[in-house]
Student: 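Dumping the structure here so I can ask a few things about it.
What you are looking at is a predicted structure, and each value in this text was computed from that prediction instead of being measured.
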Amino acid sequence: MKHIILASNSPRRRELLAGLDLDFEVKVLPDIDESYPDNLPVAEVAGYIARKKTVPYCALIGESDLVITADTVVIVGNEVLGKPKDAKDAHRMLQLISGRTHQVITGVCLLTTGKEHSFSVTTDVTFKQLSDDEIAYYIEHYMPFDKAGAYGIQEWIGYVGVTSINGSYFNVMGLPVQRLWEELKKF
């Protein structure tokens, strides 16, 4: 059995991985670069960043370690929405997803000393037309600055705004645990 290391600060990823009843340790290195090439197709961004996050761990892990990295992005049209810079940026993002369907893509990478495997999962999420008051209320009360696309589906905005979801709910939260379980069994 491998010693699992979750390389993520996300409390949602910790909660979701814990739901698989696996023993793991959280180990996050500082200053991980999450940039990506401008010409990268938007559907490949999350996977690219998840793989890039493993690089600093390569020299630090032992034979018994398995590192899990992940990155989640929201895609509206052909625009990648990461985490908002501030309240104004969060408002802009929520206006963009309001009244339309967008994709949430989470890229996951599994790393050991001898092997690397990555995969991505896509979920379509549709929001009703959100009012400016609803957007302002959510930003003020929930401070979604650590969430791709400026929202957490498990929070108030998901309750009042999401009209449909096609794919993994947990993927939208930040970790496609059902797929991760299957990939871990094969890995």
Student: For Glu34 and Asp71: C-alpha separation, side-chain torsions, deciding distance, then whether side chain to side chain contact (heavy atoms under 4.5 Å, CB included) applies.
Tutor: CA-CA 9 Å; Glu34 295 188 21; Asp71 193 73; 3.6 Å; yes
Student: For a 4.5 angstrom cut-off between non-hydrogen side-chain atoms, does Ile5 reach Leu66?
Tutor: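 Ile5 does not reach Leu66 side chain to side chain.
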Student: In sequence, state the C-alpha distance, the side-chain angles, and the governing distance for Phe119 and Val121, and then conclude on side chain to side chain contact (heavy atoms under 4.5 Å, CB included).
Tutor: CA-CA 7 Å; Phe119 62 92; Val121 173; 4.2 Å; yes
Student: Using a 3.5 Å distance criterion without hydrogens, assess whether the side chain of Thr69 forms a donor-acceptor pair with backbone atoms of Ala50.
Tutor: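 Yes; judged by distance alone, with no hydrogens or angles, the pair exists.
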Student: For residues Ile68 and Val55: do they belong to one hydrophobic cluster (side chain heavy atoms under 4.5 Å, members Ile, Leu, Val, Met, Phe, Trp, Tyr)?
Tutor: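 Different clusters.
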Student: State, with a plain yes or no, whether a side-chain heavy atom of Thr126 is found less than 4.5 Å away from one of Arg100.
Tutor: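 Not in contact.
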Student: Is atom NZ of Lys185 surrounded by more than 12 heavy atoms (other residues, nucleotides or ligands) closer than 6.0 Å?
Tutor: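 Result for NZ/Lys185: enclosed.
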Student: Looking at Ser118, is its backbone amide N or carbonyl O close enough to the side chain of Arg51 to form a donor-acceptor pair, meaning the two atoms are under 3.5 Å apart?
Tutor: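 Between the backbone of Ser118 and the side chain of Arg51 there is no qualifying donor-acceptor contact (under 3.5 Å).
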Student: Step through the shown structure and confirm whether more than 12 heavy atoms of other residues, nucleotides or ligands are within 6.0 Å of CG on Asp23.
Tutor: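 Not buried by this count: 12 neighbours or fewer within 6.0 Å.
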Student: Under 4.0 Å between a Lys/Arg side-chain N and an Asp/Glu carboxylate O for Arg12 and Glu155?
Tutor: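 Glu155 and Arg12: not salt-bridged.
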Student: Can you run down the side-chain hydrogen bond (donor to acceptor under 3.5 Å, both in side chains) pairs that involve residues 57-68, sequence neighbours left out, and say none if there aren't any?
Tutor: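 Every pair satisfying side-chain hydrogen bond (donor to acceptor under 3.5 Å, both in side chains) with a residue in residues 57-68: His3-Asp65, Glu63-Thr113.
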Student: Just to verify, what does Gln95 make a side-chain contact (heavy atoms from CB on, under 4.5 Å) with, not counting sequence neighbours?
Tutor: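 In terms of side-chain contact (heavy atoms from CB on, under 4.5 Å), with neighbours along the sequence ignored, Gln95 is linked to His91, Asp132, Ile135.
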Student: Does any donor atom in the side chain of Lys52 or Ser35 lie under 3.5 Å from an acceptor atom in the other side chain?
Tutor: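 Indeed, the side chains of Lys52 and Ser35 share at least one donor-acceptor pair under 3.5 Å.
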Student: Rounded to the nearest 0.5 Å, what's the gap from CG on Asp86 to CZ on Arg92? Could you check?
Tutor: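 Result: 10.0 Å between the selected atoms.
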Student: Ignoring hydrogens, what is the shortest heavy-atom contact between Gly152 and Tyr138? Give both atom names and the distance.
Tutor: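 That would be N-OH, 2.9 Å.
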Student: Name all residues meeting the side-chain contact (heavy atoms from CB on, under 4.5 Å) criterion together with Ser98; count only those two or more places apart in sequence or in a different chain, and write none if there are none.
Tutor: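 Ser98 satisfies side-chain contact (heavy atoms from CB on, under 4.5 Å) with Gln129, Leu130 once adjacent residues are dropped.
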Student: List the atom of Lys83, the atom of Phe145, and the distance in Å for their closest heavy-atom pair.
Tutor: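 Smallest interatomic distance, heavy atoms only, reads CB-O, 3.6 Å.
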Student: Does Glu79 use its side chain to pair, donor to acceptor, with the backbone of Val76 at less than 3.5 Å?
Tutor: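 Side chain of Glu79 to backbone of Val76: no pair is present.
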Student: Looking at Phe127 versus Tyr151, is the centre-to-centre ring distance below 6.0 Å?
Tutor: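 Ring centroids of Phe127 and Tyr151 are less than 6.0 Å from each other.
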Student: Which pair of heavy atoms, one from Glu116 and one from Cys109, lies closest together, and at what distance?
Tutor: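 Smallest heavy-atom distance, with atoms named: CG-SG, 3.4 Å.
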Student: Looking at every heavy atom in both Glu134 and Ile157, which two are closest together, and how far apart are they?
Tutor: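 Heavy atoms of Glu134 and Ile157 come nearest at O-CD1, 4.4 Å.
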Student: Over all heavy atoms of both residues, which pair between Ile32 and Pro56 is shortest? Give the atoms and the distance, please.
Tutor: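 Nearest pair, atom of Ile32 first, then Pro56: CD1-CG, 3.5 Å.
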Student: Going by an N to O cut-off under 4.0 Å, is there a salt bridge joining Lys2 and Glu25?
Tutor: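 No, Lys2 and Glu25 are not salt-bridged.
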Student: side-chain contact (heavy atoms from CB on, under 4.5 Å) with Ala70: which residues, sequence neighbours excluded?
Tutor: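 Testing Ala70 for side-chain contact (heavy atoms from CB on, under 4.5 Å), a comparison that skips the adjacent residues, returns Arg13, Thr106, Val108, Leu175.
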Student: Between Val162 and Val172, is any pair of side-chain heavy atoms under 4.5 Å apart?
Tutor: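 Contact flag for Val162/Val172 side chains = no.
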Student: For residues Tyr159 and Ile153, determine if any side-chain heavy atom of one lies less than 4.5 Å from a side-chain heavy atom of the other.
Tutor: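 Side-chain contact under 4.5 Å: no.
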Student: Would Arg179 and Glu183 pass as an ion pair if we require N to O under 4.0 Å?
Tutor: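 Judged by the 4.0 Å cut-off on N to carboxylate O distance, Arg179 and Glu183 do form a salt bridge.
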Student: Determine whether Thr123 and Phe170 satisfy the following criterion, side chain to side chain contact (heavy atoms under 4.5 Å, CB included), listing intermediate values before the conclusion.
Tutor: CA-CA 9 Å; Thr123 303; Phe170 299 113; over 6 Å; no
Student: Which ILVMFWY residues are connected to Tyr48, directly or by a chain of links, through side-chain heavy atoms under 4.5 Å apart?
Tutor: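 Result for Tyr48 is Tyr36, Leu40, Val42, Val45, Ile49, Val73, Ile75, Val80, Ile105.
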Student: Can you find a heavy atom in the side chain of Leu96 that is under 4.5 Å from one in the side chain of Leu81?
Tutor: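 Side-chain contact under 4.5 Å: yes.
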Student: Between Leu180 and Leu17, is a side chain to side chain contact (heavy atoms under 4.5 Å, CB included) present by the stated rule, with each step listed?
Tutor: CA-CA 9 Å; Leu180 176 59; Leu17 188 57; 3.9 Å; yes
Student: Can a donor-acceptor pair be found, under 3.5 Å and without considering hydrogens, that links the side chain of Thr54 to the backbone of Leu111?
Tutor: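 Not at all, since once roles are kept as given, no pair shorter than 3.5 Å links the two residues.
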Student: Between atom CG of Leu29 and atom NZ of Lys53, what is the distance when rounded to the nearest 0.5 Å?
Tutor: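 Going from CG on Leu29 over to NZ on Lys53, the span is 11.5 Å.
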Student: Locate the shortest heavy-atom distance separating Thr72 from Ala148; write the atom from each residue and the value.
Tutor: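 Heavy atoms only, the tightest pair is O-CB, 3.3 Å.
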Student: Among all residues two or more places apart in sequence or in another chain, which pass the salt bridge (charged side-chain N to carboxylate O under 4.0 Å, His left out) test with Lys27?
Tutor: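 Salt bridge (charged side-chain N to carboxylate O under 4.0 Å, His left out) list for Lys27, sorted by chain: empty.
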Student: Is it true that Thr101 and Asp124 share a donor-acceptor pair across their side chains at a distance under 3.5 Å?
Tutor: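 Note: Asp124 and Thr101 side chains miss the donor-acceptor criterion.
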